[in-house]
Amino acid sequence: AGDRLQVHARDELGFDPDHLARPLQAAAASAVSFAVGAAIPLVAITLVAAGARIVAAIAITLLALAGLGVIGARLGGAPPLPAAIRVVLGGVFAMGVTMGIGALVGTAV
């Protein structure tokens, strides 16, 4: 009795159609976390001398990425160290690619 599709999804596939991901909520959370994450290095470079801004931005960004990796791992029930390393290495790769593109178009430091 009831909605056969919902019963099938719940009993045989293991998920409840009433509790699926909400794309707009996920997009909003992603946008907010991106903005907050981008603000961290911006605040760091405003607090240091002009000559140390690049080093400060890289250092604070990598520390923030490590912290976010640990937080994400704990929320997901995973070991924190491998997650932190994975996130930091991804950040290092992204920064390297960005600097390489900057060098190609003539805007690298």
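Hydrogens, waters and symmetry mates play no part in the numbers below; they use all other heavy atoms, side chains included. It should be emphasised that the depicted structure is a prediction, and the values quoted were computed from it without experimental measurement.
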Where Ala73 and Ala83 come nearest, the two heavy atoms and their spacing: CB-CB, 3.5 Å

Do you know which two heavy atoms are closest between Val70 and Pro80, and how far apart they sit? CG1-CB, 4.0 Å

With a 4.5 Å cut-off on side-chain heavy-atom distances among I, L, V, M, F, W and Y, is there a chain of contacts connecting Val87 to Ile71? no

Would you kindly confirm whether Val105 and Val97 end up in one hydrophobic cluster when ILVMFWY residues are joined by side chain heavy atoms under 4.5 Å apart? no

Determine whether Leu81 and Leu89 fall in the same hydrophobic cluster, where Ile, Leu, Val, Met, Phe, Trp and Tyr are linked whenever their side-chain heavy atoms lie under 4.5 Å apart. yes

In short, Ala84 meets Ala66 closest at the heavy-atom pair CB-O, 3.7 Å

Show which side-chain atoms of residues 43-64 pair as donor or acceptor with protein atoms under 3.5 Å away, not counting sequence neighbours.
residue: Thr46; atom: OG1; partner: Val43; partner atom: O; Å: 2.6
residue: Arg53; atom: NE; partner: Ile45; partner atom: O; Å: 3.1
residue: Thr61; atom: OG1; partner: Ala57; partner atom: O; Å: 2.6

Can you check whether Ala26's main-chain N or O pairs, donor with acceptor, with Ser30's side chain at less than 3.5 Å? no

